[in-house]
Structure formats: structure tokens, C-alpha cells
Amino acid sequence: MELASSYEICSPSVIAEDFDGDIVILNLDDGRYFNLRGAGPNVWSTLMAGATAQSIVDSVGQSRPDWVDSTNKFLCRLHELKLIRTVSAVTATTVAMPIDWSSLPAGDQPEIEVFDDLAQLILADPIHDVDAEAGWPMRKVA
């Protein structure tokens, strides 16, 4: 992952929704979904607003130097999980950091939870893979 780059969500195969500050991300390619915890939603929102990964890490380091490593790992994990990709057309705009990292509780380092318990249902083709008698969400027995 290049920290100097800006990133965007890997749409259309990845979608994200903000539920009153809780960010839930769904990867439609593999059926996994993700919950961002701690400062994760703040990092995500700032990244999606156009900030570079490096500017986020630098901003975090100014008020929460003990979070730099976890923030770096969090950003790399988003990329590794194929939830974000480098923005192809980089613009020379500076994004203001809307987050006051020092106002967040000390134990709220950014984290990502990965869930795959519903992957088979998410990946099921509701037209072709559903048991005709039982209906959705029951899959056909092969």
C-alpha cells in the first residue's frame, strides 16, 4: 500500500453504509462483511473524503502517537482485504482533517472486524440457487 496515495472504495463490488457512526462494509465478491471499530469509522470517513493515507497517519501521530502503528495496519488491512483501491486520477487538493483524534477515548484505536458467517447466503443466486419449495434463503441441495 502506498501511503502517499489517495484511495477510494472498490465499487461496485464493495459497498459501505454509515449507520449513525457505525460503518459496515460488504464485499459482494466474497460475501464477507466488515465492521469498523474504535477510530476506524473516523479513518474510513477521512480516507473516503480524499485524504491520503499518509496524511491520516501524520494527523493521528500529532495527537495520538501511540496509534500510528495501528492506524497504519488498519489502512493496510483495508487495502489487503480489497475494500479500497488507489484513486486513478489523483488531484492536487488538500483535504482538511475533520477529526480531532485527541478527543477520542485512548483505547479506541482503529480496528476492523471480519465476518464470513453469511457469505454463502450473500453469494447465493436467489433465482437459481434457492430451493423452490422452501424459498429464500434456503439453498438447493446439490
Side-chain angles (χ1 to χ4, degrees), residues 1-132 134-141:
M1 174 177 196
E2 294 182 31
L3 290 178
S5 297
S6 292
Y7 289 84
E8 64 186 2
I9 192 168
C10 287
S11 62
S13 60
V14 175
I15 55 175
E17 190 68 38
D18 183 338
F19 296 100
D20 293 324
D22 289 327
I23 305 290
V24 177
I25 305 167
L26 175 61
N27 185 330
L28 297 169
D29 285 341
D30 63 16
R32 292 186 295 175
Y33 62 100
F34 309 86
N35 181 42
L36 306 185
R37 296 184 42 217
N42 303 94
V43 173
W44 175 266
S45 299
T46 306
L47 190 66
M48 293 299 107
T52 65
Q54 186 64 59
S55 66
I56 293 171
V57 171
D58 291 346
S59 174
V60 167
Q62 290 175 4
S63 55
R64 295 280 189 192
D66 54 321
W67 289 12
V68 169
D69 188 49
S70 62
T71 303
N72 219 345
K73 287 178 182 174
F74 175 82
L75 289 163
C76 289
R77 186 79 171 128
L78 291 173
H79 190 258
E80 174 186 297
L81 291 167
K82 297 182 180 12
L83 301 177
I84 59 173
R85 64 178 169 235
T86 306
V87 174
S88 55
V90 178
T91 58
T93 59
T94 303
V95 176
M97 287 297 146
I99 307 299
D100 176 11
W101 305 105
S102 64
S103 69
L104 300 175
D108 276 359
Q109 297 181 8
E111 297 178 18
I112 185 167
E113 290 180 294
V114 182
F115 300 94
D116 62 2
D117 55 327
L118 297 176
Q120 287 184 343
L121 287 177
I122 292 168
L123 295 175
D125 178 347
I127 303 299
H128 301 100
D129 292 344
V130 175
D131 183 296
W136 179 259
M138 302 307 294
R139 294 189 72 157
K140 261 193 246 182
V141 178

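Basis for what follows: all heavy atoms, side chains included, without hydrogens, waters or symmetry-related copies.
Counting non-hydrogen atoms of neighbouring residues, nucleotides and ligands closer than 6.0 angstrom, the CD atom of Glu2 reaches no more than 12 such neighbours.
Screening Val14, Ile112, Leu78, Val24 for a side chain to side chain contact (heavy atoms under 4.5 Å, CB included) with Phe34, the sole residue that qualifies is Ile112. Considering Ile84, Thr52, Leu47 as possible partners of Ser6, the one that fulfils the side chain to side chain contact (heavy atoms under 4.5 Å, CB included) test is Thr52.
The heavy-atom pair separating Ser102 from Ser63 by the smallest distance is N-OG, 3.5 Å. Of all heavy-atom pairs between Trp44 and Ala16, the closest is CZ2-CB, 3.8 Å. The nearest pair of heavy atoms linking Pro105 to Trp67 is O-CZ2, 3.2 Å. When all heavy atoms of Ser55 and Ala51 are compared, the closest pair comes out as OG-CB, 3.6 Å. In terms of heavy atoms, Ile56 sits closest to Thr46 at CG1-CG2, 3.8 Å.
For the atom pair CG (Asp100) and OG (Ser59), the distance works out to 8.5 Å, reported to the nearest 0.5 Å. Between the CD atom of Gln109 and the CG atom of Asp66 there is a distance of 6.0 Å, given to the nearest 0.5 Å. Rounding to the nearest 0.5 Å places OH of Tyr33 at 9.5 Å from CD of Glu113. Rounding to the nearest 0.5 Å gives a distance of 6.5 Å between CE of Met48 and CD1 of Ile9. Rounded to the nearest 0.5 Å, atoms CD (Glu17) and CG (Leu26) are 11.0 Å apart. The distance from the CD atom of Glu111 to the OG1 atom of Thr71 is 11.0 Å, given to the nearest 0.5 Å.
Checked by atom type and distance alone, the side chain of Ser45 never pairs as donor or acceptor with a backbone atom of Asn42 at under 3.5 Å. Not a single donor-acceptor pair under 3.5 Å links the side chain of Arg32 to the backbone N or O of Ile25.
You'll find the side chain of Trp101 reaches within 4.5 Å of the side chain of Val43, heavy atoms only. Side-chain contact between Arg77 and Val114 is present, with heavy atoms from C-beta onward closer than 4.5 Å.
Relative orientation of the Tyr7 and His79 rings is perpendicular, given thresholds of 30° and 60° on the angle between their planes.
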